[in-house]
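Down below is the structure, laid out as C-alpha coordinates.
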Amino acid sequence: MKNSTKLEKSIIGVIGLGYVGMPLAVEFGKKYRTIGYDISSVRVDELSKATDRTGEVKENILEELLFDDISKLLNKKNGFLPTNDHSDLLSCNIFIVTVPTPIDASKRPDLTPLISASRLLGSIIKKNDIIIYESTTYPGCTEEDCVPILEKNSGLKFNIDFFVGYSPERINPGDKVNTLVNIKKVTSGSTPETANFVDDLYKSIIIAGTYKAESIKVAEASKAIENAQRDINISFVNELALIFDKLGINTTQVLNAAATKWNFLKYKPGLVGGHCIGVDPYYLAYKAEQSGYHPAVILSGRRVNDGMGAFVANKLTKLMISKGILIKDAKVLILGITFKENCPDIRNTRIIDIRNELLDFGCDVEIIDPHANEEEVEKEFGFKITTNIDKIEFQKYSGVILGVAHDEFLNLQIIKQSNQVIFDVKGVLGKDIVDACL
(Lines give C-alpha, C1' and ligand atoms only; values in the text may rest on other atoms or scores of the structure.)
Protein backbone atom coordinates (compact mmCIF):
# COMPACT_ATOMS: atom_id res chain seq x y z
CA MET A 1 0.00 0.00 0.00
CA LYS A 2 1.39 3.40 -0.97
CA ASN A 3 2.03 5.84 1.87
CA SER A 4 -0.46 8.32 0.44
CA THR A 5 -3.24 5.72 0.58
CA LYS A 6 -2.12 4.55 4.01
CA LEU A 7 -2.12 8.14 5.30
CA GLU A 8 -5.70 8.65 4.14
CA LYS A 9 -6.78 5.62 6.18
CA SER A 10 -4.93 6.76 9.29
CA ILE A 11 -6.74 6.97 12.60
CA ILE A 12 -4.32 8.55 15.04
CA GLY A 13 -4.24 8.11 18.80
CA VAL A 14 -2.23 10.67 20.78
CA ILE A 15 -1.33 9.46 24.27
CA GLY A 16 -0.94 12.40 26.65
CA LEU A 17 -2.66 15.75 26.11
CA GLY A 18 -0.22 18.17 27.71
CA TYR A 19 1.98 20.88 26.22
CA VAL A 20 3.30 18.46 23.59
CA GLY A 21 0.38 16.17 22.85
CA MET A 22 -2.40 18.74 22.63
CA PRO A 23 -0.97 20.92 19.82
CA LEU A 24 0.00 17.73 17.97
CA ALA A 25 -3.48 16.23 18.30
CA VAL A 26 -5.06 19.43 16.98
CA GLU A 27 -2.76 19.64 13.95
CA PHE A 28 -3.35 15.99 13.09
CA GLY A 29 -7.05 16.48 13.77
CA LYS A 30 -7.18 19.06 10.98
CA LYS A 31 -6.29 16.33 8.44
CA TYR A 32 -7.00 12.98 10.09
CA ARG A 33 -9.36 11.33 12.53
CA THR A 34 -7.52 11.87 15.80
CA ILE A 35 -8.26 10.57 19.28
CA GLY A 36 -6.48 12.20 22.20
CA TYR A 37 -6.13 10.10 25.34
CA ASP A 38 -5.22 11.40 28.79
CA ILE A 39 -5.48 9.76 32.21
CA SER A 40 -6.74 13.02 33.75
CA SER A 41 -10.53 13.26 33.62
CA VAL A 42 -10.23 16.95 34.56
CA ARG A 43 -8.02 17.61 31.54
CA VAL A 44 -10.37 15.70 29.21
CA ASP A 45 -13.42 17.55 30.55
CA GLU A 46 -11.74 20.91 29.93
CA LEU A 47 -10.79 19.99 26.38
CA SER A 48 -14.28 18.65 25.71
CA LYS A 49 -15.48 22.18 26.44
CA ALA A 50 -12.87 23.64 24.06
CA THR A 51 -10.77 24.98 26.93
CA ASP A 52 -7.00 24.55 26.96
CA ARG A 53 -5.40 25.78 30.20
CA THR A 54 -1.90 25.57 28.67
CA GLY A 55 -2.80 28.29 26.18
CA GLU A 56 -1.12 26.36 23.37
CA VAL A 57 -4.29 25.82 21.33
CA LYS A 58 -6.76 28.50 20.27
CA GLU A 59 -10.21 27.71 21.59
CA ASN A 60 -11.99 28.54 18.31
CA ILE A 61 -9.82 26.04 16.41
CA LEU A 62 -10.38 23.38 19.05
CA GLU A 63 -14.11 24.01 18.96
CA GLU A 64 -14.24 23.46 15.19
CA LEU A 65 -12.50 20.08 15.42
CA LEU A 66 -14.23 18.66 18.51
CA PHE A 67 -16.29 15.49 18.55
CA ASP A 68 -17.99 14.06 21.62
CA ASP A 69 -18.61 10.56 20.28
CA ILE A 70 -16.20 8.06 18.74
CA SER A 71 -18.71 6.76 16.18
CA LYS A 72 -19.35 10.29 14.88
CA LEU A 73 -15.61 10.92 14.48
CA LEU A 74 -15.00 7.64 12.65
CA ASN A 75 -17.62 8.57 10.06
CA LYS A 76 -15.71 11.73 9.15
CA LYS A 77 -12.39 12.38 7.38
CA ASN A 78 -10.91 14.42 10.20
CA GLY A 79 -11.56 15.79 13.68
CA PHE A 80 -10.53 15.41 17.29
CA LEU A 81 -11.99 13.49 20.22
CA PRO A 82 -10.50 13.90 23.73
CA THR A 83 -11.05 10.89 26.00
CA ASN A 84 -9.87 9.06 29.10
CA ASP A 85 -11.52 5.83 27.96
CA HIS A 86 -8.77 3.67 26.46
CA SER A 87 -11.34 1.59 24.58
CA ASP A 88 -11.77 4.59 22.25
CA LEU A 89 -8.22 3.91 21.04
CA LEU A 90 -9.10 0.47 19.65
CA SER A 91 -9.94 1.98 16.27
CA CYS A 92 -6.52 3.62 15.87
CA ASN A 93 -3.76 2.24 13.67
CA ILE A 94 -1.16 4.90 14.52
CA PHE A 95 -0.27 5.82 18.09
CA ILE A 96 1.86 8.76 19.18
CA VAL A 97 3.20 8.82 22.74
CA THR A 98 3.71 12.29 24.24
CA VAL A 99 3.79 11.56 27.98
CA PRO A 100 6.21 13.34 30.36
CA THR A 101 9.69 11.97 31.03
CA PRO A 102 10.74 13.59 34.32
CA ILE A 103 13.59 12.85 36.72
CA ASP A 104 13.22 11.49 40.25
CA ALA A 105 14.52 12.94 43.53
CA SER A 106 17.96 11.47 42.76
CA LYS A 107 17.93 13.14 39.31
CA ARG A 108 17.71 9.84 37.50
CA PRO A 109 15.29 9.18 34.62
CA ASP A 110 11.75 8.39 35.74
CA LEU A 111 10.23 6.27 32.98
CA THR A 112 7.01 5.53 34.88
CA PRO A 113 4.70 7.48 32.49
CA LEU A 114 6.48 6.04 29.44
CA ILE A 115 6.25 2.47 30.75
CA SER A 116 2.58 2.91 31.66
CA ALA A 117 1.79 4.25 28.19
CA SER A 118 3.65 1.34 26.58
CA ARG A 119 1.74 -1.18 28.69
CA LEU A 120 -1.54 0.43 27.72
CA LEU A 121 -0.67 0.38 24.03
CA GLY A 122 0.53 -3.22 24.29
CA SER A 123 -3.01 -4.17 25.30
CA ILE A 124 -4.49 -2.30 22.31
CA ILE A 125 -2.23 -2.57 19.24
CA LYS A 126 -3.01 -4.84 16.31
CA LYS A 127 -1.01 -6.21 13.42
CA ASN A 128 0.61 -3.55 11.21
CA ASP A 129 0.03 -0.76 13.74
CA ILE A 130 2.73 1.89 14.18
CA ILE A 131 3.72 3.37 17.53
CA ILE A 132 5.65 6.67 17.44
CA TYR A 133 7.33 7.98 20.56
CA GLU A 134 7.87 11.72 21.00
CA SER A 135 8.75 11.79 24.70
CA THR A 136 12.32 12.94 25.30
CA THR A 137 14.58 10.18 26.56
CA TYR A 138 18.06 8.68 26.23
CA PRO A 139 19.41 6.88 23.13
CA GLY A 140 18.15 3.31 23.03
CA CYS A 141 15.12 3.77 25.29
CA THR A 142 12.51 3.23 22.57
CA GLU A 143 13.89 -0.07 21.33
CA GLU A 144 15.44 -1.37 24.55
CA ASP A 145 12.83 -0.31 27.14
CA CYS A 146 9.54 0.38 25.35
CA VAL A 147 9.47 -2.23 22.58
CA PRO A 148 9.84 -5.24 24.94
CA ILE A 149 6.84 -3.96 26.91
CA LEU A 150 4.81 -3.63 23.72
CA GLU A 151 5.76 -7.18 22.70
CA LYS A 152 5.02 -8.67 26.12
CA ASN A 153 1.61 -7.04 26.47
CA SER A 154 0.46 -7.56 22.88
CA GLY A 155 1.89 -10.96 22.04
CA LEU A 156 3.02 -9.43 18.74
CA LYS A 157 6.53 -9.41 17.24
CA PHE A 158 8.45 -6.19 16.72
CA ASN A 159 9.13 -5.30 13.06
CA ILE A 160 7.00 -8.26 11.96
CA ASP A 161 3.58 -7.55 13.44
CA PHE A 162 4.02 -3.94 14.59
CA PHE A 163 6.48 -1.14 13.92
CA VAL A 164 7.91 1.77 15.85
CA GLY A 165 9.06 5.30 15.11
CA TYR A 166 10.62 8.13 17.09
CA SER A 167 10.15 11.83 16.43
CA PRO A 168 11.39 14.04 19.28
CA GLU A 169 9.09 16.84 20.35
CA ARG A 170 10.29 20.41 19.84
CA ILE A 171 7.46 22.30 21.48
CA ASN A 172 8.46 25.63 23.01
CA PRO A 173 5.69 26.46 25.56
CA GLY A 174 4.34 29.99 25.28
CA ASP A 175 6.05 30.66 21.93
CA LYS A 176 3.48 31.97 19.45
CA VAL A 177 6.01 32.28 16.60
CA ASN A 178 7.98 29.04 16.71
CA THR A 179 4.95 26.79 16.90
CA LEU A 180 4.71 23.07 16.17
CA VAL A 181 4.23 23.46 12.41
CA ASN A 182 6.99 26.06 12.08
CA ILE A 183 9.78 23.96 13.62
CA LYS A 184 11.54 21.33 11.49
CA LYS A 185 10.74 17.83 12.79
CA VAL A 186 13.25 15.00 13.15
CA THR A 187 11.72 11.62 12.27
CA SER A 188 12.83 8.00 12.28
CA GLY A 189 11.49 4.45 12.04
CA SER A 190 12.39 0.90 12.99
CA THR A 191 12.48 -0.20 9.32
CA PRO A 192 13.17 1.80 6.15
CA GLU A 193 9.50 1.54 5.18
CA THR A 194 8.36 2.68 8.62
CA ALA A 195 10.84 5.56 8.57
CA ASN A 196 9.44 6.73 5.23
CA PHE A 197 5.86 6.50 6.46
CA VAL A 198 6.57 8.35 9.73
CA ASP A 199 8.39 11.04 7.76
CA ASP A 200 5.48 11.41 5.33
CA LEU A 201 3.01 11.53 8.20
CA TYR A 202 4.73 14.46 9.89
CA LYS A 203 5.53 16.11 6.58
CA SER A 204 1.79 16.31 5.98
CA ILE A 205 1.35 18.76 8.90
CA ILE A 206 4.78 20.37 9.47
CA ILE A 207 5.21 23.47 7.29
CA ALA A 208 8.92 23.75 8.14
CA GLY A 209 9.56 20.24 6.81
CA THR A 210 11.20 17.18 8.30
CA TYR A 211 14.62 15.59 8.68
CA LYS A 212 14.69 11.80 8.47
CA ALA A 213 17.35 10.48 10.84
CA GLU A 214 19.29 7.32 10.01
CA SER A 215 17.96 5.43 13.03
CA ILE A 216 15.76 5.75 16.09
CA LYS A 217 18.84 6.02 18.33
CA VAL A 218 20.17 8.90 16.24
CA ALA A 219 16.84 10.72 16.58
CA GLU A 220 16.76 10.10 20.35
CA ALA A 221 20.33 11.34 20.76
CA SER A 222 19.69 14.46 18.66
CA LYS A 223 16.99 15.59 21.07
CA ALA A 224 19.13 14.88 24.11
CA ILE A 225 22.11 16.88 22.86
CA GLU A 226 20.21 19.91 21.56
CA ASN A 227 19.01 20.61 25.09
CA ALA A 228 22.27 19.57 26.77
CA GLN A 229 24.12 22.02 24.52
CA ARG A 230 21.91 24.92 25.63
CA ASP A 231 22.24 23.83 29.24
CA ILE A 232 26.04 23.86 29.05
CA ASN A 233 26.12 27.24 27.31
CA ILE A 234 23.88 28.76 29.97
CA SER A 235 25.92 27.15 32.75
CA PHE A 236 29.02 28.90 31.37
CA VAL A 237 27.46 32.36 31.63
CA ASN A 238 25.95 31.45 35.00
CA GLU A 239 29.43 30.59 36.23
CA LEU A 240 30.66 33.90 34.83
CA ALA A 241 27.92 35.64 36.83
CA LEU A 242 29.14 33.91 40.00
CA ILE A 243 32.74 34.94 39.28
CA PHE A 244 31.94 38.52 38.34
CA ASP A 245 29.76 38.90 41.43
CA LYS A 246 32.84 38.22 43.56
CA LEU A 247 34.89 40.61 41.43
CA GLY A 248 32.31 43.37 41.61
CA ILE A 249 31.80 43.44 37.82
CA ASN A 250 28.46 43.77 36.04
CA THR A 251 27.92 40.56 34.05
CA THR A 252 25.54 42.12 31.53
CA GLN A 253 28.07 44.82 30.71
CA VAL A 254 30.76 42.18 30.17
CA LEU A 255 28.51 40.14 27.86
CA ASN A 256 27.56 43.25 25.87
CA ALA A 257 31.23 44.08 25.35
CA ALA A 258 32.15 40.52 24.37
CA ALA A 259 29.18 40.32 21.98
CA THR A 260 30.79 42.92 19.73
CA LYS A 261 32.88 40.06 18.32
CA TRP A 262 31.09 38.42 15.38
CA ASN A 263 31.33 34.82 16.63
CA PHE A 264 30.53 35.35 20.31
CA LEU A 265 27.37 33.51 21.42
CA LYS A 266 25.45 35.85 23.70
CA TYR A 267 23.69 33.67 26.25
CA LYS A 268 22.23 35.25 29.37
CA PRO A 269 22.63 33.99 32.95
CA GLY A 270 19.51 32.81 34.72
CA LEU A 271 17.47 30.01 36.25
CA VAL A 272 17.29 26.87 34.11
CA GLY A 273 14.02 25.02 34.61
CA GLY A 274 11.26 23.61 32.49
CA HIS A 275 10.59 20.17 31.08
CA CYS A 276 13.59 20.06 28.72
CA ILE A 277 16.81 21.95 29.41
CA GLY A 278 16.82 21.30 33.15
CA VAL A 279 15.94 17.60 32.74
CA ASP A 280 17.22 16.13 29.46
CA PRO A 281 20.96 16.34 30.27
CA TYR A 282 20.36 13.91 33.15
CA TYR A 283 18.92 11.38 30.69
CA LEU A 284 22.00 11.63 28.49
CA ALA A 285 24.30 11.46 31.53
CA TYR A 286 22.46 8.37 32.79
CA LYS A 287 22.96 6.51 29.53
CA ALA A 288 26.60 7.61 29.32
CA GLU A 289 27.29 6.25 32.80
CA GLN A 290 25.57 2.98 31.89
CA SER A 291 28.05 2.64 29.05
CA GLY A 292 30.96 3.24 31.42
CA TYR A 293 31.67 6.91 30.69
CA HIS A 294 31.36 9.71 33.26
CA PRO A 295 30.10 12.85 31.47
CA ALA A 296 32.11 15.51 33.32
CA VAL A 297 31.09 18.56 31.25
CA ILE A 298 27.36 17.78 31.19
CA LEU A 299 27.10 17.11 34.93
CA SER A 300 29.32 20.05 35.80
CA GLY A 301 27.01 22.35 33.86
CA ARG A 302 24.00 20.87 35.64
CA ARG A 303 25.55 21.52 39.06
CA VAL A 304 26.18 25.16 38.21
CA ASN A 305 22.67 25.72 36.88
CA ASP A 306 21.00 23.86 39.75
CA GLY A 307 22.78 26.14 42.21
CA MET A 308 21.59 29.47 40.80
CA GLY A 309 18.41 29.65 42.89
CA ALA A 310 20.41 29.35 46.11
CA PHE A 311 22.82 32.03 44.82
CA VAL A 312 19.95 34.49 44.24
CA ALA A 313 18.53 33.87 47.72
CA ASN A 314 21.93 34.20 49.40
CA LYS A 315 22.76 37.38 47.49
CA LEU A 316 19.42 38.91 48.41
CA THR A 317 19.82 38.19 52.12
CA LYS A 318 23.38 39.58 52.16
CA LEU A 319 22.14 42.80 50.58
CA MET A 320 19.28 42.97 53.09
CA ILE A 321 21.73 42.57 55.97
CA SER A 322 23.93 45.32 54.51
CA LYS A 323 20.90 47.64 54.73
CA GLY A 324 20.27 46.69 58.33
CA ILE A 325 17.20 44.59 57.55
CA LEU A 326 16.46 41.78 60.01
CA ILE A 327 16.26 38.54 58.01
CA LYS A 328 14.12 36.58 60.45
CA ASP A 329 10.44 37.00 59.42
CA ALA A 330 11.38 39.54 56.74
CA LYS A 331 8.70 39.71 54.03
CA VAL A 332 9.99 38.79 50.57
CA LEU A 333 7.93 38.93 47.38
CA ILE A 334 8.82 36.78 44.38
CA LEU A 335 7.31 37.90 41.08
CA GLY A 336 6.63 34.76 39.04
CA ILE A 337 6.69 30.99 39.55
CA THR A 338 6.40 29.59 36.03
CA PHE A 339 9.59 28.38 34.41
CA LYS A 340 9.48 31.05 31.70
CA GLU A 341 7.76 34.30 30.83
CA ASN A 342 4.17 34.65 29.56
CA CYS A 343 3.50 30.94 30.01
CA PRO A 344 1.53 28.97 32.65
CA ASP A 345 3.98 26.03 32.69
CA ILE A 346 5.34 25.36 36.21
CA ARG A 347 7.15 22.10 35.42
CA ASN A 348 10.59 21.97 37.03
CA THR A 349 10.52 25.68 37.85
CA ARG A 350 13.64 26.72 39.71
CA ILE A 351 11.85 29.59 41.45
CA ILE A 352 11.18 26.90 44.06
CA ASP A 353 14.91 26.82 44.89
CA ILE A 354 14.85 30.53 45.72
CA ARG A 355 11.76 30.15 47.88
CA ASN A 356 13.12 27.13 49.78
CA GLU A 357 16.43 28.85 50.50
CA LEU A 358 14.69 31.99 51.77
CA LEU A 359 12.42 29.90 53.98
CA ASP A 360 15.51 28.26 55.46
CA PHE A 361 16.76 31.74 56.34
CA GLY A 362 13.48 32.38 58.16
CA CYS A 363 11.95 34.76 55.63
CA ASP A 364 8.22 35.09 55.06
CA VAL A 365 7.92 34.44 51.33
CA GLU A 366 4.99 35.31 49.05
CA ILE A 367 4.72 34.53 45.34
CA ILE A 368 2.48 36.18 42.78
CA ASP A 369 2.04 35.05 39.19
CA PRO A 370 -0.83 36.06 36.88
CA HIS A 371 -0.12 33.19 34.47
CA ALA A 372 0.10 30.26 36.88
CA ASN A 373 -2.85 28.14 37.96
CA GLU A 374 -3.32 28.44 41.74
CA GLU A 375 -4.72 24.92 42.19
CA GLU A 376 -1.97 23.38 40.09
CA VAL A 377 0.74 25.13 42.12
CA GLU A 378 -0.78 24.04 45.42
CA LYS A 379 -1.13 20.45 44.22
CA GLU A 380 2.43 20.32 42.88
CA PHE A 381 4.30 22.25 45.58
CA GLY A 382 2.01 22.36 48.60
CA PHE A 383 1.66 26.11 49.05
CA LYS A 384 -0.61 28.89 47.84
CA ILE A 385 0.22 31.73 45.48
CA THR A 386 -1.77 34.74 44.32
CA THR A 387 -2.53 35.58 40.71
CA ASN A 388 -3.98 39.09 41.12
CA ILE A 389 -1.30 41.73 40.60
CA ASP A 390 -3.62 44.74 40.86
CA LYS A 391 -3.12 45.37 44.56
CA ILE A 392 0.56 44.66 45.17
CA GLU A 393 1.81 46.84 48.00
CA PHE A 394 5.54 46.83 47.29
CA GLN A 395 6.30 48.90 50.38
CA LYS A 396 5.30 45.91 52.56
CA TYR A 397 8.30 43.86 51.47
CA SER A 398 11.92 44.02 52.59
CA GLY A 399 12.93 42.10 49.48
CA VAL A 400 11.47 41.86 45.99
CA ILE A 401 12.70 39.36 43.40
CA LEU A 402 11.69 39.55 39.76
CA GLY A 403 11.97 35.87 38.93
CA VAL A 404 9.98 35.67 35.68
CA ALA A 405 9.72 38.44 33.10
CA HIS A 406 5.97 38.29 32.47
CA ASP A 407 4.72 41.28 30.48
CA GLU A 408 2.44 42.19 33.38
CA PHE A 409 5.45 42.61 35.69
CA LEU A 410 7.32 44.80 33.22
CA ASN A 411 4.41 47.24 33.23
CA LEU A 412 4.31 47.57 37.02
CA GLN A 413 5.28 50.85 38.64
CA ILE A 414 7.81 49.79 41.27
CA ILE A 415 8.84 52.59 43.60
CA LYS A 416 11.91 51.50 45.50
CA GLN A 417 11.97 51.98 49.27
CA SER A 418 15.18 52.92 51.10
CA ASN A 419 14.89 49.88 53.39
CA GLN A 420 14.22 47.44 50.56
CA VAL A 421 16.29 45.22 48.26
CA ILE A 422 15.22 44.50 44.68
CA PHE A 423 16.86 41.61 42.82
CA ASP A 424 16.25 41.40 39.08
CA VAL A 425 16.93 37.80 38.01
CA LYS A 426 16.04 38.55 34.38
CA GLY A 427 17.92 41.83 33.99
CA VAL A 428 14.95 43.73 32.56
CA LEU A 429 14.08 46.33 35.22
CA GLY A 430 15.39 49.88 35.33
CA LYS A 431 18.88 50.24 36.81
CA ASP A 432 17.68 53.02 39.12
CA ILE A 433 15.52 50.65 41.19
CA VAL A 434 17.58 47.44 41.11
CA ASP A 435 20.10 46.49 43.80
CA ALA A 436 21.37 43.38 42.00
CA CYS A 437 20.83 41.22 38.95
CA LEU A 438 22.41 38.12 37.43
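Side chains are part of it too, since the values below use all heavy atoms of this structure and drop only hydrogens, waters and symmetry mates. Index from 1, following the sequence.
The main-chain N or O of Q420 is found under 3.5 Å from a side-chain atom of K323 such that the two form a donor-acceptor pair. The closest donor-acceptor contact from the side chain of E375 to the backbone of N373 lies at 3.5 Å or more, if one exists at all. With N182 contributing its side chain and N178 its backbone, the two residues share no donor-acceptor pair below 3.5 Å. Judged by distance alone, with hydrogens and angles left aside, the side-chain atoms of S154 form a donor-acceptor pair with the main-chain N or O of L156 at under 3.5 Å. S235 contributes no side-chain N or O that, together with a main-chain N or O of N305, makes up a donor-acceptor pair within less than 3.5 Å. Distance alone, capped at 3.5 Å, is enough to place a donor-acceptor pair between the S116 side chain and the T112 backbone. Side-chain atoms of T101 come within 3.5 Å of backbone N or O of T136 as a donor-acceptor pair. The closest donor-acceptor contact from the side chain of T54 to the backbone of E56 lies under 3.5 Å. Formation of a donor-acceptor pair under 3.5 Å by the E220 side chain with backbone atoms of G140 is found in this model. Not one N or O on the side chain of T349 forms a donor-acceptor pair closer than 3.5 Å with the backbone of I346.
R230 contributes atom CZ, which lies 3.5 Å from atom CD1 of I277 (distance to the nearest 0.5 angstrom). A distance of 8.0 Å separates CD1 in I433 from NZ in K416, rounded to the nearest 0.5 Å. Atom OG in S188 sits 8.5 Å away from atom OH in Y166 (nearest 0.5 Å).
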Checklist entry - Can you check side chain to side chain donor-acceptor pair (under 3.5 Å) on Y32 and S204, steps first, answer last? => result CA-CA 10 Å; Y32 309 101; S204 70; 2.8 Å; yes

Next on the checklist: Quick one, I216 with V164, criterion side chain to side chain contact (heavy atoms under 4.5 Å, CB included). Give me CA distance, side-chain angles, the key distance, then yes/no.
Outcome noted: CA-CA 9 Å; I216 286 176; V164 168; 4.1 Å; yes

Item to check | side chain to side chain donor-acceptor pair (under 3.5 Å) between N256 and K266, intermediate numbers included | outcome: CA-CA 8 Å; N256 288 340; K266 191 180 177 183; 2.6 Å; yes

Item to check | Worked verdict on E374 versus T387 for side chain to side chain donor-acceptor pair (under 3.5 Å) | outcome: CA-CA 7 Å; E374 294 180 52; T387 56; 3.1 Å; yes

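Heavy-atom minimum distance, P173 versus I171: CD-O, 3.4 Å. Here the closest heavy-atom approach between residue A257 and residue T260 is recorded as O-OG1, 2.6 Å. When every heavy atom of C343 is checked against every heavy atom of Y19, the shortest pair comes out as SG-CE2, 4.5 Å. Contact detail for I35 and T83: the closest heavy-atom pair is CG2-CG2, 3.7 Å. Residues L299 and A285 come closest through the heavy atom pair CD2-CB, 3.7 Å. The two residues L180 and P23 have their closest heavy-atom pair at CD2-O, 3.7 Å.
No hydrogens or angles considered: a donor-acceptor pair under 3.5 Å links the side chains of K212 and N196. A donor atom on one side chain and an acceptor atom on the other are not found under 3.5 Å apart for N342 and K176. For the residue pair S123 and N153, no side-chain donor N or O sits within less than 3.5 Å of a side-chain acceptor on the partner. Using modelled atom types and a 3.5 Å distance limit, the side chains of T210 and D199 yield a donor-acceptor pair. Using a 3.5 Å distance cut-off with no hydrogens or angles, the side chains of Y133 and T98 do not pair a donor with an acceptor.
Checked against a 6.0 Å centroid threshold, the rings of Y286 and Y138 count as neighbours. Aromatic rings of F28 and Y202 (six-membered ring for Trp) have centroids within the 6.0 Å cut-off, being under it.
Identified under the salt bridge (charged side-chain N to carboxylate O under 4.0 Å, His left out) test for residues 324-334, with sequence neighbours left out: K331-D364, K331-E366.
Contact of the K384 side chain with the V377 side chain is not registered, since no non-hydrogen atoms from C-beta on lie closer than 4.5 Å. Put simply, the side chain of F197 reaches to within 4.5 Å of the side chain of L7, judged on heavy atoms. At a threshold of 4.5 Å between non-hydrogen side-chain atoms, the residues Y37 and V14 do not count as touching. A 4.5 Å side-chain heavy-atom check between M22 and D38 finds every atom pair outside the cut-off. V312 has its side chain out of reach of M308: every pair of non-hydrogen atoms, C-beta onward, lies at least 4.5 Å apart. Between L201 and I94 there is a side-chain heavy-atom pair separated by less than 4.5 Å. The shortest distance between side-chain heavy atoms of F339 and V404 does not fall below 4.5 Å. Using a 4.5 Å cut-off on side-chain heavy atoms (C-beta onward), C276 and E169 make contact.
At most 12 non-hydrogen atoms from other residues, nucleotides or ligands lie less than 6.0 angstrom from CZ of F236. By the neighbour-count criterion of 12 heavy atoms within 6.0 Å, atom NZ of K217 is sparsely surrounded, having that number or fewer from other residues, nucleotides or ligands. Residue-environment remark: NZ (K127) stays at or below the threshold of 12 foreign heavy atoms within 6.0 Å. Atom CD1 of I39 has 12 or fewer neighbouring heavy atoms from other residues, nucleotides or ligands inside a 6.0 Å radius. Annotation: L247, atom CG; neighbour count of heavy atoms from other residues, nucleotides and ligands within 6.0 Å is above 12. Counting non-hydrogen atoms of other residues, nucleotides and ligands closer than 6.0 Å to NZ of K152 gives a total of 12 or fewer. In E226, the CD atom is crowded: over 12 heavy atoms of neighbouring residues, nucleotides or ligands sit closer than 6.0 Å.
Remark: D161 does not engage K126 in a salt bridge, criterion side-chain N to carboxylate O under 4.0 Å. Checked for salt-bridge contact, D353 and R350 meet the test: a charged N lies under 4.0 Å from a carboxylate O. E380 and R347 are not joined by a salt bridge, as no carboxylate oxygen comes within less than 4.0 angstrom of a charged side-chain nitrogen. With respect to the salt-bridge test (charged N to carboxylate O, under 4.0 angstrom), the residues K157 and E151 do not qualify. A salt bridge links E134 and K185; the closest N-O separation between the charged side-chain nitrogens and carboxylate oxygens is under 4.0 Å. Salt-bridge formation is not detected for the pair K340/D345: no Lys NZ or Arg NE/NH1/NH2 atom is positioned less than 4.0 Å from an Asp or Glu carboxylate oxygen.
Checking I234, D306, I354, N238 one by one against L271, the side-chain contact (heavy atoms from CB on, under 4.5 Å) holds for a single residue, I354. Across V421, L333, I334, I422, a single residue satisfies side-chain contact (heavy atoms from CB on, under 4.5 Å) together with Y397, and that is L333.
Between H371 and H406, the ring planes are tilted. Angles from 30° to 60° get that label. Taking the six-membered ring where the residue is Trp, F381 and F383 present parallel rings, their angle staying beneath 30° rather than reaching 60°.
Residues passing the salt bridge (Lys or Arg N to Asp or Glu O under 4.0 Å) test with D245 are K315, sequence neighbours excluded. Contacts of R43 classified as salt bridge (Lys or Arg N to Asp or Glu O under 4.0 Å), with partners at least two apart in sequence or in another chain: D52.
A cation-pi arrangement is not found for K107 relative to Y282, the charged atom failing to lie both closer than 6.0 Å to the ring centre and inside a 45° cone about the ring normal.
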